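First up is the structure itself, then whatever we jot down about it.
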Amino acid sequence: MGKKRVMLPAEELDLSTVKYEPEVIDTPHLTGLAFRLFVKILETPLIGPAIISYLKKKNGMVELLRSTVIPEPPMYKPEFPPQDPEPATILLDEDGKPEDRVESALRCLPDYDPAKSWNADLSQFRYWKIRDYAYGYRSKLVTPSMVAERIIMVIEEFSHKKPPAPLLVSFDAEEVRKQATASTKRFEEGKPLSILDGIFVAIKDDIGCHPYIMKGATTWMDETNSNNEDAVCVSRLRSCGVIFVGKANMHELGMGTTGNNPNYGTTRNPHAPERYTGGSSSGPAAIVASGICSAALGTDGGGSIRIPSSLCGVVGLKTTYGRTDLRGSQCESGTEEIIGPIASSVEDVTLVYAAILGSCPMDKYTLKPSPPCLPNFPSLESLNAVGSLRLGKYTPWFNDVQSTDVSDKCEDILNQLSKTYGCEVVEIVIPELHEMRTAHLVSVGSQILTALNPDCEDGKGKELNYDSRTNMALFRSFTASDYVAAQCLRRRMMYHHMEIFKKVDVIVMPTTGMTAPKIPPSALKYGETDLQLTGSLMQFIVAANLLGLPAISIPIGYDKQGLPIGLQLMGRPWGDASILRLASVVEELCGSKKRPVSFYDVLKTS
């Protein structure tokens with residue numbers, strides 16, 4: 001018999017025969033000089049491709065992509081079936097003014113008295129909300145300029161750390177002061193632009209933000225790219241009065257899940273400075289968790305918002321593909337990526353999401369998005385909508401984590417949702433998880449390679465760090481037929497998930513298969529390759545990116561070492577409002593948070 005394998009059509013697959021198989025990634029973990037030598041060998045003609053081919057065969061990629069008949073036709077970007085309107089929601093005008101959408105979002109939030117927060121005992125830790133800042137500004141208790149000076153002092157303090165561990169890779173104190181002065185003047189005149197006026201936000205370095213040149217946390221991209229204009233999402237925030245503190249650190253070009261970056265220094269986890277933040281949106285998650293910014297914008301093509309949000313104990317929203325406009329970012333031609341908000345609370349994520357949402361003209365034509373909406377959080381109808389939810393859980397996958405602390409905490413939240421709100425937990429089966437991970441890797445890797453090839457042809461490939469060069473060597477091994485096979489698998493996975501969503505409303509799982517990993521000291525100078533670690537961090541991540549589904553990570557507690565644990569909710573296409581509603585309920589069930597080791601109160605200093 002030959003090697004040829006024929007898959008049954010997706011609709012004929014008998015789910016009762018599906019057996020869960022833990023993902024085993026068989027590749028070396030390398031750091032330091034050994035890693036440098038490995039990369040040199042990988043880039044050697046004949047020898048390097050032979051090593052890559054061997055590792056791909058060992059991990060089942062060649063058999064799947066080149067010896068398997070996949071009966072489904074390719075799906076080159078997410079194609080969504082029509083969706084019913086979400087219940088108990090308020091429609092937003094995506095073509096209207098961002099500040100009007102933010103005002104609508106504000107009316108959707110539960111009642112809250114910031115005055116009580118300002119006068120409350122600060123011995124019990126909590127993050128300041130955007131509404132706390134707005135109250136402080138409007139009551140003349142503090143000004144944006146005062147907060148700006150505190151933030152500048154903290155950022156400059158970070159710039160002197162040894163070894164370097166920057167939150168930002170581009171920062172201009174005078175630019176921050178200029179924006180803060182303009183915001184302070186608007187408050188003095190009684191004319192703030194929105195509830196977001198004077199709110200400090202960091203922007204990941206793969207998203208355009210004037211006056212900084214976008215460089216993806218490389219050392220060279222500012223030489224080949226002179227564009228320093230705002231991305232569409234950033235422009236929408238700017239019209240609301242947001243103050244941008246600078247460009248946040250990240251895993252170089254988004255090609256990693258730890259946040260390691262030898263170019264500028266690796267951002268540290270605010271809860272444990274010897275540990276990774278997760279990536280690739282390492283700086284955005286850390287700067288929010290540290291209390292320095294109320295929110296940040298990240299990108300998410302393979303968990304890059306949700307992973308660091310989970311590891312740093314904050315909230316990260318991966319929107320439905322096409323719900324936010326990617327123009328002006330380095331991932332604007334991708335088919336898995338989105339731009340989304342990170343904040344310390346679901347409420348603040350909602351306010352920022354309302355400002356930035358709005359599809360680009362092409363996505364409106366091809367994706368036909370449902371009208372954007374938000375849950376009316378405090379309404380009785382909204383609470384009833386929570387109680388009627390069916391939550392899908394694939395138990396063997398759910399429990400496949402490095403520590404039972406993670407699965408136990410997530411299980412506890414499901415029990416509380418059932419007991420308190422009447423949610424029904426439904427056992428589901430998600431087939432072909434290995435196939436889905438492979439399809440995602442080939443898809444996103446091929447698109448990264450296409451984007452970087454012109455610069456690599458000009459010799460810039462050698463200026464990438466060793467981690468990125470390892471990834472590029474793998475991506476170069478993918479063929480056109482590999483890419484088409486991955487897109488056939490993508491359509492197949494979409495069918496499986498749409499069938500699951502006929503039985504449940506939300507799929508629930510841990511965000512990551514582990515809490516924040518330690519940073520090997522030998523990885524700081526040259527980086528590292530550890531695909532087993534990447535696999536654990538991405539264990540529950542891939543479907544939302546490959547299929548374009550909305551997902552959110554919410555902090556739900558801590559492991560025995562005091563490290564944050566995240567719960568992930570994944571919804572139907574265009575179901576962003578439903579997962580925001582459920583996330584808000586989960587947040588309320590979890591209660592108080594632990595003060596990070598690295599935390600700065602820039603609003604109300606003693």
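Positions are given from 1 along the sequence. The shown structure was predicted, so the numbers you read here are calculated from the model rather than taken from an experiment.
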Query - Working for ring-ring contact (aromatic ring centres under 6.0 Å, His included), residues Phe599 and Tyr127 - result: CA-CA 10 Å; Phe599 179 79; Tyr127 285 101; 5.7 Å; yes

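- Between Gln447 and Thr335, the side chains place a donor N or O and an acceptor N or O closer than 3.5 Å (distance only, hydrogens not considered).
- Residues Phe187 and Tyr137 bring their aromatic ring centres within 6.0 Å.
- Heavy-atom minimum distance, Leu311 versus Asn269: O-ND2, 3.0 Å.
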Report task. Applying side chain to side chain contact (heavy atoms under 4.5 Å, CB included), run through Leu297 and Val352 and close with a yes or a no. Result -> CA-CA 9 Å; Leu297 287 190; Val352 176; 4.1 Å; yes

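- Under 4.0 Å is where a charged nitrogen must lie from a carboxylate oxygen, and between Asp576 and Lys318 no such pair does.
- For the atom pair CD1 (Ile207) and CE (Met214), the distance works out to 9.0 Å, reported to the nearest 0.5 Å.
- Side-chain atoms of Asn249 come within 3.5 Å of backbone atoms of Pro166 as a donor-acceptor pair (strictly under, hydrogens ignored).
- Between Asp95 and Arg101, no side-chain nitrogen of the basic residue sits less than 4.0 Å from a carboxylate oxygen of the acidic one, so the salt-bridge criterion is not met.
- A donor-acceptor distance shorter than 3.5 angstrom exists from the side chain of Lys368 to the backbone of Tyr365, with no hydrogens or angles considered.
- Checked against a 6.0 Å centroid threshold, the rings of Phe80 and Trp574 count as neighbours.
- Here the side chains of Val142 and Val147 are in contact, with some heavy-atom distance below 4.5 Å.
- At a cut-off of 3.5 Å, with distance as the only test, no side-chain donor of Arg476 or Asn471 sits close to an acceptor on the other residue.
- Using a 3.5 Å distance cut-off with no hydrogens or angles, the side chains of Thr470 and Asp467 do not pair a donor with an acceptor.
- At least one donor-acceptor pair closer than 3.5 Å links the side chain of His271 to the backbone N or O of Cys312.
- Listed for the Glu347 side chain is no donor-acceptor partner under 3.5 Å among the backbone atoms of Leu109.
- Using modelled atom types and a 3.5 Å distance limit, the side chains of Lys204 and Ser280 yield a donor-acceptor pair.
- Proximity of Ile130 to Leu196: side-chain heavy atoms (C-beta onward) are separated by under 4.5 Å at one or more points.
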Requested in this report: Evaluate side-chain hydrogen bond (donor to acceptor under 3.5 Å, both in side chains) for Ser170 paired with Lys215, printing each intermediate quantity in order.
Outcome: CA-CA 10 Å; Ser170 295; Lys215 52 185 183 287; 2.6 Å; yes

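- Asp601 and Trp128 are linked by a side-chain donor-acceptor pair at a separation below 3.5 angstrom, with hydrogens and angles left out of the test.
- Inspection of the Tyr276 and Asn260 side chains reveals an N or O donor paired with an N or O acceptor under 3.5 Å.
- In terms of modelled atom types and a separation under 3.5 Å, the side chain of Ser468 and the main chain of Leu464 share no donor-acceptor contact.
- Ion pair Glu79/Arg491 flagged as a salt bridge, since at least one NZ, NE, NH1 or NH2 atom sits closer than 4.0 Å to an Asp/Glu carboxylate oxygen.
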Query raised in the report: Would Glu252 and Thr218 satisfy side-chain hydrogen bond (donor to acceptor under 3.5 Å, both in side chains), going step by step from the backbone distance to the final call?
Result: CA-CA 6 Å; Glu252 186 182 63; Thr218 65; 5.5 Å; no

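- The OG1 atom of Thr266 sits 9.0 Å away from atom CD of Glu528, with the distance rounded to the nearest 0.5 Å.
- Under a 4.0 Å N-O distance rule, the pair Lys77/Glu336 does not qualify as a salt bridge.
- Taken to the nearest 0.5 Å, the CZ atom of Phe540 stands 9.0 Å off from the CD atom of Gln568.
- Arg268 places no side-chain N or O within donor-acceptor distance of the main-chain N or O of Thr277, the cut-off being under 3.5 Å.
- A heavy-atom distance below 4.5 Å is not found between the side chains of Val242 and Arg238.
- For the pair Val346/Leu580, a side-chain contact is recorded, criterion being any heavy-atom separation below 4.5 Å from C-beta on.
- The shortest non-hydrogen separation linking Pro98 to Ser239 is CG-OG, 3.5 Å.
- Taken to the nearest 0.5 Å, the OG1 atom of Thr267 stands 8.0 Å off from the CG atom of Asn261.
- With hydrogens and angles disregarded, no donor-acceptor distance shorter than 3.5 Å links the side chain of Asp206 to the backbone of Gly216.
- For the atom pair CZ of Arg323 and CG of Leu367, the computed distance is 10.0 Å after rounding to the nearest 0.5 Å.
- For the pair Ile339 and Ile356, the tightest heavy-atom approach, listed with the atom from each and the gap, is O-CD1, 4.1 Å.
- Closest approach of Ser282 to Met250, counting heavy atoms only: OG-CA, 3.3 Å.
- With hydrogens and angles left out, the side-chain atoms of Thr184 and Ser145 include a donor and acceptor closer than 3.5 Å.
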Query raised in the report: Going through the checks in order, is the side-chain hydrogen bond (donor to acceptor under 3.5 Å, both in side chains) test met by Tyr212 and Glu175?
Result: CA-CA 10 Å; Tyr212 309 102; Glu175 172 64 22; 5.9 Å; no

Requested in this report: Give the C-alpha distance, both sets of side-chain angles, the deciding distance and a yes or no for side chain to side chain contact (heavy atoms under 4.5 Å, CB included) between Thr224 and Lys460.
Outcome: CA-CA 9 Å; Thr224 62; Lys460 293 299 183 182; 4.0 Å; yes

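- Glu157 places no side-chain N or O within 3.5 Å of a backbone atom of Met153 that could act as its donor or acceptor partner.
- Atom-to-atom distance recorded for Leu547:CG and Tyr321:OH is 13.0 Å, nearest 0.5 angstrom.
- Remark: Lys247 engages Asp205 in a salt bridge, criterion side-chain N to carboxylate O under 4.0 Å.
- A salt bridge links Arg177 with Glu174; the closest basic N to acidic carboxylate O contact falls under 4.0 Å.
- For Gly198 against Pro144, the heavy-atom pair with the smallest separation is CA-CG, 4.2 Å.
- There is a side-chain donor-acceptor pair under 3.5 Å between Asp197 and Ser183.
- Between the side chains of Lys364 and Ser359, not a single donor N or O lies within less than 3.5 Å of an accepting N or O.
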Report task. Evaluate the side chain to side chain contact (heavy atoms under 4.5 Å, CB included) criterion for residues Glu337 and Thr299: first the C-alpha distance (whole Å), next the side-chain angles of each, then the deciding distance (0.1 Å), finally the verdict. Result -> CA-CA 7 Å; Glu337 295 88 345; Thr299 55; 5.5 Å; no

Report task. Would you sort out whether His440 and Arg490 count as a side chain to side chain contact (heavy atoms under 4.5 Å, CB included), showing the intermediate values? Result -> CA-CA 8 Å; His440 174 264; Arg490 186 187 239 179; over 6 Å; no

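- Nearest heavy atoms, Leu253 versus Gln330: CD2-OE1, 3.8 Å.
- Under the 4.5 Å side-chain criterion, counting only non-hydrogen atoms from C-beta, Glu156 is in contact with Ile152.
- For Gln487 and Ser443, the side-chain atoms include at least one donor-acceptor pair closer than 3.5 Å.
- Tyr76 is listed as a side-chain neighbour of Tyr483, based on a closest heavy-atom distance under 4.5 Å.
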